[in-house]
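Heads up: the structure comes next, in structure tokens.
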Amino acid sequence: MITQLAYLGIASPRSEEWRDYSTRLLGAVIAEDGPDGAVRVKVDDKGYRIAIHPSENDEFRYAGWACHNETELREYVAHLRAQGLDVHEGTEEELKERQVAELYWTQDPWGNRHEFVWGQYAHPNSFFPGRPMRGRFVTGDLGLGHIVMIVPNLEEADAFYAEKLGFKLSDRVKSDIFNLRFYHCNGRHHSLAVAEIPGMTGINHLMLEVESFDDLGTAVDLFAEDADREILLSLGRHTNDLMTSIYVQTPSSMQIEYGHGGIHVDDLTWVAGTHDLPSIWGHHRSQAYLDGPPGIFRMLDVPEDGR
Ligand code: FE
């Protein structure tokens with residue numbers, strides 16, 4: 001089984017702007033560039049966790065999901081293939097670039113690439129925050145954080161992500177406006193969520209969690225004062241994972257949720273629920289949110305019957 005979100009790769013014409021953004025605003029640091037000039041962002045002792053490849057357009061490139069070891073990874077891949085998924089083996093160049101020991105990949109029904117790996121390189125005691133922080137990012141066994149993918153159809157997404165990839169349902173948020181499913185693969189309430197927007201696919205946001213409430217507060221101040229990067233959703237608390245967070249602009253159209261205090265789930269006791277609102281309080285939408293894109297997305301061909 002996969003046990004954590006190991007890394008995320010996007011592409012953007014503004015990849016260079018991530019160097020200052022990641023360090024000064026997020027508190028992350030910049031690792032050595034990728035072979036194609038990708039800016040690589042480090043949030044813990046892993047070599048890097050986020051890659052922003054230079055490109056003409058904003059693109060979702062890949063999400064990397066880790067297994068504990070090679071035996072579990074190979075069993076997992078065999079399980080995926082037995083269900084009819086087309087799973088490819090990574091090339092030597094891909095292993096080197098992703099800094100992992102072994103890699104396989106497949107695509108979701110809309111062409112979004114998911115990679116399955118083990119042995120991500122790490123350098124103990126190599127992470128020091130890029131700006132003053134009281135604590136560190138919450139990673140370790142819980143992985144990088146969570147991603148929210150945009151999908152055109154929630155039921156088809158569930159058939160792929162839950163039934164085939166094996167993500168476990170944490171809960172749903174469903175209302176006239178929202179339709180999302182949240183999934184876990186470790187103790188973090190969700191490492192993956194899917195949000196339904198008909199006719200579209202892509203990534204809405206990446207969530208990074210900090211250990212200290214003060215470090216979230218510092219981010220609120222820094223983004224409130226920053227001339228270039230707006231707060232998209234004001235400080236608020238989610239109904240399901242009880243994360244207190246802000247959503248902020250990045251140099252690319254993907255958003256970042258910067259949060260603190262998310263709950264953990266235990267499969268022995270957890271009962272999946274459903275919520276009709278995403279937030280208990282806060283998360284008010286700014287004008288920049290209303291005017292901006294819902295993330296990095298592609299339009300899909302919609303059949304004539306509109307489904
Ligand atoms: Fe989130």
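Just follow the structure's listing: the first ligand is 1, and inside any ligand the first atom is 1. Sequence positions, counted from 1, serve as the residue numbers for this chain.
Residue Asp266 places its CG atom among more than 12 non-hydrogen atoms of other residues, nucleotides or ligands, all under 6.0 Å distant.
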Next on the checklist: Quick one, His260 with Asp215, criterion side-chain contact (heavy atoms from CB on, under 4.5 Å). Give me CA distance, side-chain angles, the key distance, then yes/no.
Outcome noted: CA-CA 8 Å; His260 166 75; Asp215 293 333; over 6 Å; no

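Judged by distance alone, the side chain of Tyr161 and the main-chain N or O of Ala193 form no donor-acceptor pair under 3.5 Å. Counting only distance, with no hydrogens or angles, the side chain of His184 and the backbone of Lys168 share a donor-acceptor pair below 3.5 Å.
For the Fe ion (ligand 1), protein N, O or S atoms closer than 2.8 Å were enumerated as His146 NE2, His205 NE2, Glu257 OE1, with waters left out.
Checking each of His264, His146, His238, His205 against His190 for a ring pair (Phe, Tyr, Trp, His ring centres under 6.0 Å) leaves exactly one that passes, namely His146.
Looking at Ile197 and Pro152, their side chains never come closer than 4.5 Å, going by heavy atoms from C-beta outward.
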